[in-house]
Amino acid sequence: MPDSKNRNFVQVAVATPLRNFFTYSVPKSLAGELRSGQLVEVPFGKKMCRGIIYEFCDRPEAGKFSIKPIAQIVEHEPVCNSAMLRTLKWASDYYLTPPGEMIFAALPPRFRKRGAANGIKATLTASLERKLEVDQIAEIKKRAPLQAKLLESLNQEIRVDVSSLAFLGSSVRQALHALEQKGLVRLERETRRREPESPDLPLPDEVVSLNPQQTQALACLTGALEKDEYAAFLLHGVTGSGKTEVYLRAIDHALALGKDAILLVPEISLTPQLLSRVTGRFGRLVAVLHSGLSQGERLDEWRRLQRHQARVAVGARSAVFAPVRKLGILVIDEEHDSSYKQSERLVYNGRDLGMVRALQEQACVLLGTATPSVESYSNASKGRSKLIVLPQRVQQRALPQIEIVDLKKELPDPIERGHTVGSVLADALAKTLDRGEQAILFLNRRGYSSFALCKDCGQSIRCTNCSVALVHHRAEQRLKCHYCGLNIALPKKCPSCESGRIQMFGLGTQKCEEEVLRRFPGVRLIRLDSDSTSRRGALHKMLSKFAKREADVLIGTQMVTKGHDMPGVTLVGVLLADLSLHFPDFRAGERTFQLLVQVAGRAGRGDKPGRVVIQTLLPEHESIVLATRYDLEEFYRQELNRREGLGYPPFRRLLLVRVAHPNKQTASELAQRVAKSFQAESRGQIQLLGPVVSPLAKIRGRYRYQMLVKSPTVEALHQVALIVQRRIRAPKDAKILFDVDPVDML
Ligand code: ADP
Ligand code: ZN
Ligand code: ZN
């Protein structure tokens with residue numbers, strides 16, 4: 001920050017949800033000691049609060065508020081360097097988030113609270129022995145409300161630092177011990193840094209030499225690293241093309257140049273193999289940041305990076321804030337993954353912020369994937385990032401052949417009959433098992449599946465304005481569009497083919513598991529979904545069992561599509577590819593395409609070729625057909641056309657505003673008020689869709705309504721949204737979320 005300014009006043013980002021920086025004076029006792037990025041304590045209202053010094057400023061105009069002095073410096077060493085402060089200021093403006101909230105979100109949670117220990121020391125942590133259902137908690141609530149409250153908090157996070165629960169009152173520890181006695185909660189005292197969990201998975205052989213394409217890709221990156229300038233790359237490498245090896249060598253090169261690195265992964269628990277490869281390569285230089293850490297552990301890892309003891313930060317989206325000293329390269333693996341976007345509490349996109357951070361720090365940013373997001377693809381074609389392609393699998397292995405099976409023909413009535421595996425897939429599975437090879441069966445059933453489906457033509461009933469599936473509202477027997485509010489009676493006939501056989505649809509992994517066990521007696525099967533993996537460590541155990549070939553079939557949800565490298569898998573079956581097409585989301589087609597290419601990529605990664613069978617009721621749908629041909633270019637061409645026509649990103653900027661309140665009427669009225677405010681301010685620049693009931697109409701006792709704001713430019717969007725934000729007075733207990741660049745449309 002410039003030194004020419006008056007050094008008697010500072011702007012401070014205070015840990016409050018208020019929209020501004022606050023001005024404080026520098027007391028004589030601290031003259032010459034303050035620096036931007038320092039953690040300080042300041043009087044705020046009647047309390048003392050933690051804050052971060054943003055910059056020195058001129059004497060503010062005399063106003064009604066008297067200017068108070070900084071109370072004390074908590075840490076002399078700044079906790080944010082100036083580039084990081086710039087990035088966070090940018091994020092605060094861009095995501096319409098108060099600067100204090102944004103800056104403290106980037107720091108270990110301990111820094112926010114006064115009196116919390118900031119050093120490395122033992123902490124008591126609590127975790128659930130197993131995940132609990134809402135009604136189990138409700139049962140406990142009758143007798144022990146505090147215990148129920150604790151269980152609720154613990155249900156949200158994997159591990160919680162007990163001291164962070166102090167706000168629930170003085171009997172917290174007692175209640176936790178009671179829960180421990182009941183076998184519901186586990187309490188652990190941690191005195192030292194845990195080594196990153198290293199899962200018991202067979203690692204691939206050390207890669208001795210890169211193939212020519214990898215060599216070329218690496219050369220682009222090392223060339224850029226040597227220049228000390230911002231450079232953005234999109235590494236589009238087909239599944240099994242050896243992207244990870246390129247990441248690792250690029251990171252290695254950065255380290256050799258005295259620079260540090262960050263590697264972002266979608267969900268750390270789902271990528272145990274990648275994690276072991278990174279720690280295997282860089283050992284103690286690695287700091288792993290993930291949500292499974294207690295606050296104390298998170299602080300420890302953060303300190304190791306700050307002190308330059310660790311130089312490679314690995315983690316999910318929040319690791320984009322890792323305090324590496326001199327950022328050389330920021331790698332974002334599986335950049336298309338929607339989990340980079342956080343849309344609860346604090347909104348930001350780790351991938352997009354990663355690009356901004358790299359720009360601020362004149363570093364390289366590398367987005368890697370086999371299925372680029374439409375946005376990143378479009379950025380690359382506009383020259384905003386440089387495209388690097390790995391068009392082939394390593395060692396000339398072939399991409400698996402993908403076949404489409406029309407379920408309408410295979411199973412005349414798939415919904416009523418108990419079968420989910422058709423004859424082609426069953427036959428392929430039998431052969432795979434006979435050969436002693438392994439298979440993955442994938443069923444997408446995230447979210448809810450209450451949409452209306454025609455049993456004859458396979459189409460879901462869609463909104464004529466928005467091109468998304470309409471959602472079935474059981475109570476009213478009506479179909480609604482969750483974007484524009486279209487609301488129609490459940491039609492008697494299918495609008496596409498006039499058939500009368502319309503059915504609400506739903507299907508689950510458990511049902512499928514039962515069927516496979518019944519039809520293939522003796523098969524060794526593992527089911528992977530959020531129910532079967534809720535126990536801590538369960539996921540790693542299951543994956544490692546499968547990798548060691550102690551099971552033949554892995555059946556599961558999205559979790560099975562992520563980057564697993566299991567050479568024994570020669571068959572991948574997709575039980576019903578259409579499911580993700582029916583989400584009320586403009587990205588449904590893109591998601592489906594990506595999921596299919598990714599899951600297919602799990603087959604044939606060893607010496608034996610792979611085969612993929614996709615069952616669908618929509619064998620002609622472009623997302624499915626183009627995925628089977630691996631025709632990315634055609635897919636993007638069509639998808640970009642469609643988005644341009646309908647006014648979706650990257651052609652328009654979106655803001656999703658969601659309100660929630662325990663009272664339905666209040667929520668609905670608030671949504672109306674927000675919408676009116678947008679309309680009043682729009683000046684013809686923006687377009688408003690809604691408000692409508694959110695697809696997930698009620699969550700945790702709150703009714704939810706939402707609206708979508710479309711704008712040709714992000715500036716216009718910000719301008720209007722800021723006015724609305726200032727104007728709206730939300731009633732008590734209401735939540736209003738402004739989600740810029742929304743990903744979660746539910
Ligand atoms: P991707 O991330 O592109 O799907 P991976 O990086 O997981 O691919 O690589 C797939 C497999 O190929 C891994 O087992 C890896 O060890 C191996 N591999 C990578 N590069 C080479 C190479 N140059 N020669 C031989 N094997 C390689
Ligand atoms: Zn039909
Ligand atoms: Zn609509």
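This chain uses plain numbering: 1 for the first residue, then up along the sequence.
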For [X] and [Y], work out which heavy atoms get closest and say how close.
X	Y	answer
Val238	Arg393	CG2-N, 3.9 Å
His336	Ser373	CB-N, 3.8 Å
Lys408	Asp456	CD-O, 3.1 Å
Val560	Arg602	O-CG, 3.7 Å

Can a salt bridge be assigned to the pair [X] and [Y] using a cut-off of 4.0 Å between side-chain N and carboxylate O?
X	Y	result
Arg587	Glu375	yes
Glu498	Lys493	no
Asp739	Lys341	yes
Arg629	Glu634	no
Glu514	Arg518	no
Arg524	Glu550	no

Determine whether a donor-acceptor pair (N or O, by modelled atom type, separation under 3.5 Å) exists between the side chain of His236 and the backbone of Ala370.
yes
Neighbour count above 12 (heavy atom, 6.0 Å) for [X] [atom1]:
X	atom1	result
Gln401	CD	no
Glu633	CD	no
Asp607	CG	no

Which of Thr570, Asp565, Thr239 passes side-chain hydrogen bond (donor to acceptor under 3.5 Å, both in side chains) with Arg605? It is Asp565
For a quick check under 3.5 Å, do [X] and [Y] share a side-chain donor-acceptor pair by atom type?
X	Y	result
Gln706	Ser694	yes
Glu335	Ser376	yes
Gln392	Ser241	no

Please name the residue in the list Leu264, Leu274, Val278, Thr279 that meets the side chain to side chain contact (heavy atoms under 4.5 Å, CB included) test with Val314.
Val278
